[in-house]
K.L.:
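Questions regarding the structure given below will be posed in turn.
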Amino acid sequence: MTRILGDLTPRRALSYREVGATRTPDALPAGYHHLRHSTPVGHGPAAFRAAAEAVTTWRMHRATGARVRSAAGRAAPGVTVEIALGIGPFAYGVPCQVVWVPEEERRAGFAYGTLTGHPECGEESFLVELEPDGTVRFTVTAFSRPAAWYTRLAGPVVPRLQLAYARRLGRALTGIATAAGTGADPGTATGAGTG
């Protein structure tokens, strides 16, 4: 069952037309399941910087126990990434490509879109924002629909799994941002064991 991509060069095409649509979360395209999960993960500029770094360097994903392979160490438009979930021979890697990265002082993260061969088609963004009151907020926004027979067969289970993973990402990022905000060693507070 293990499926890990051999080559991360962007040879596959994006598998959906609405590229960049997660930029406007209130106007996600019709015909897809929509996901929006937001949670506070810390407080203050140090927590924001740590959270932003963790999101854009794949550390947040790795802190959940996911295996990440990428063509680059940091998210940037056009970078191909594979996120593999599962254990041992049951790990399954899915191909994505970063489609946009915000360039703002108080907002950081990225969005990636599914490439051909992904069991879903759509886009997902992972954003960290420093709010005026100092709250650091992490938001996952996505639109997706099945692209393979087994995800169609799974029906409503897939959106529930997506929400559960978004929550797990939030917990992992909370550990990283909180450690940075308190001056603790962030290596001991990744949240990798939560979930």
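The first residue in the sequence is number 1, and the count goes up from there. FYI, side chains are in, hydrogens and waters are out, and symmetry mates aren't considered; it's all heavy atoms of this structure.
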K.L.:
Count I, L, V, M, F, W, Y as connected when their side-chain heavy atoms are under 4.5 Å apart, and connections chain through other members. Are Val55 and Ile83 then in the same cluster?
P.N.:
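Shared cluster, yes.
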K.L.:
Ignoring hydrogens and geometry beyond distance, is a side-chain donor-acceptor pair present between Ser144 and Glu124 at under 3.5 Å?
P.N.:
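No, because no side-chain N or O of Ser144 sits under 3.5 Å from a partner of the opposite role on Glu124.
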K.L.:
Any ring pair (Phe, Tyr, Trp, His ring centres under 6.0 Å) involving residues 56-78? Give me the pairs, sequence neighbours left out, ordered by first then second residue.
P.N.:
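Non-adjacent pairs meeting ring pair (Phe, Tyr, Trp, His ring centres under 6.0 Å): Trp58-Phe110, His61-Phe126.
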K.L.:
Can you tell me how far apart CE (Met60) and CZ (Arg171) are? Round to the nearest 0.5 Å.
P.N.:
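One finds 13.0 Å between CE of Met60 and CZ of Arg171.
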K.L.:
Quick check: do Leu163 and Leu35 have side-chain heavy atoms less than 4.5 Å from each other?
P.N.:
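Side-chain contact under 4.5 Å: yes.
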K.L.:
Please test Thr116 against Ser15 for side chain to side chain donor-acceptor pair (under 3.5 Å), starting from the C-alpha separation and ending with a verdict.
P.N.:
CA-CA 5 Å; Thr116 54; Ser15 61; over 6 Å; no
K.L.:
Tell me, with the steps shown, if Val81 and Arg69 meet side chain to side chain contact (heavy atoms under 4.5 Å, CB included).
P.N.:
CA-CA 6 Å; Val81 62; Arg69 293 186 55 226; over 6 Å; no
K.L.:
Can you tell me which residue pairs pass the salt bridge (Lys or Arg N to Asp or Glu O under 4.0 Å) test with a partner in residues 96-106, sequence neighbours excluded?
P.N.:
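Matches after skipping sequence neighbours: Glu104-Arg107.
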K.L.:
Check residues 22-31 and write down every donor-acceptor pair under 3.5 Å in which the side-chain atom is one partner and the other belongs to a residue at least two apart or another chain.
P.N.:
unit_1, atom_1, unit_2, atom_2, d
Thr22, OG1, Trp100, NE1, 3.0
Thr22, OG1, Glu123, OE2, 2.6

K.L.:
Just by distance, do the side chain of His43 and the backbone of Gly134 share a donor-acceptor pair under 3.5 Å?
P.N.:
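Side chain of His43 to backbone of Gly134, a donor-acceptor pair under 3.5 Å: yes, one is there.
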K.L.:
Could you grab the distance from atom CG of Leu173 to atom CZ of Arg59, nearest 0.5 Å is fine?
P.N.:
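Taking CG in Leu173 and CZ in Arg59, the distance rounds to 9.5 Å.
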K.L.:
Spell out, yes or no, whether Val98 and Val140 are grouped together once hydrophobic residues are joined by side-chain heavy atoms under 4.5 Å, including indirect joins.
P.N.:
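Same cluster: Val98 reaches Val140 through Ile, Leu, Val, Met, Phe, Trp or Tyr contacts under 4.5 Å.
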K.L.:
What residues, two or more places apart in sequence or in another chain, satisfy side-chain hydrogen bond (donor to acceptor under 3.5 Å, both in side chains) together with Thr135?
P.N.:
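With sequence neighbours excluded, Thr135 shows a side-chain hydrogen bond (donor to acceptor under 3.5 Å, both in side chains) to Asp133, given in chain and number order.
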K.L.:
I'd like to know if Glu129 and Arg137 make a salt bridge, using a cut-off of under 4.0 Å between side-chain N and carboxylate O.
P.N.:
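No, Glu129 and Arg137 are not salt-bridged.
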K.L.:
Is a side-chain N or O of Arg62 found less than 3.5 angstrom from the main chain of Val68, in a donor-acceptor match?
P.N.:
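It does hold such a pair.
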K.L.:
I need the minimum non-hydrogen distance between Ala63 and Ala172, along with the two atoms involved.
P.N.:
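Closest heavy-atom pair between Ala63 and Ala172: CB-CB, 3.8 Å.
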K.L.:
Using every non-hydrogen atom in the two residues, find where Val94 and Pro119 come nearest and quote the distance to one decimal.
P.N.:
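That would be CG1-CD, 3.6 Å.
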K.L.:
Run Glu82 and Ser70 through side chain to side chain contact (heavy atoms under 4.5 Å, CB included) and show every step you take.
P.N.:
CA-CA 6 Å; Glu82 176 191 74; Ser70 176; over 6 Å; no
K.L.:
Working to the nearest 0.5 angstrom, can you tell me the gap between Thr141 OG1 and Leu127 CG?
P.N.:
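It comes to 6.5 Å.
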K.L.:
Indicate yes or no: at least one non-hydrogen side-chain atom of Arg145 is less than 4.5 angstrom from one of Cys121.
P.N.:
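Heavy-atom side-chain distance check passes, below 4.5 Å.
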K.L.:
Do the side chains of Val128 and Phe48 get nearer than 4.5 Å, heavy atoms only?
P.N.:
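Yes; the side chains approach each other to less than 4.5 Å.
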K.L.:
Please, which pairs that meet salt bridge (Lys or Arg N to Asp or Glu O under 4.0 Å) have at least one residue in residues 35-57, sequence neighbours excluded?
P.N.:
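Residue pairs passing salt bridge (Lys or Arg N to Asp or Glu O under 4.0 Å), neighbours aside: Glu53-Arg74.
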K.L.:
For residues Thr178 and Ile176, determine if any side-chain heavy atom of one lies less than 4.5 Å from a side-chain heavy atom of the other.
P.N.:
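Not touching, per the 4.5 Å side-chain cut-off.
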K.L.:
Could you list the residues that satisfy ring pair (Phe, Tyr, Trp, His ring centres under 6.0 Å) with Tyr32, not counting sequence neighbours?
P.N.:
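So Tyr32 forms a ring pair (Phe, Tyr, Trp, His ring centres under 6.0 Å) with Phe143.
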K.L.:
Are the side chains of Thr114 and Pro95 in contact, using a 4.5 Å heavy-atom criterion?
P.N.:
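When only atoms from C-beta onward are counted, Thr114 and Pro95 do not touch, as no gap falls below 4.5 Å.
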K.L.:
Less than 3.5 Å apart, any donor N or O on the side chain of Tyr165 or Thr64 sitting next to an acceptor on the other?
P.N.:
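Yes, because at least one side-chain N or O of Tyr165 sits under 3.5 Å from a partner of the opposite role on Thr64.
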K.L.:
Check whether any side-chain heavy atom of Pro77 sits under 4.5 Å from a side-chain heavy atom of Val101, and report yes or no.
P.N.:
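Counting from C-beta outward, Pro77 and Val101 do come under 4.5 Å.
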K.L.:
State, to 0.1 Å, how close Leu130 and Pro45 come at their nearest heavy-atom pair, and which atoms those are.
P.N.:
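For Leu130 versus Pro45, the nearest heavy atoms are CD2-CA, 4.3 Å.
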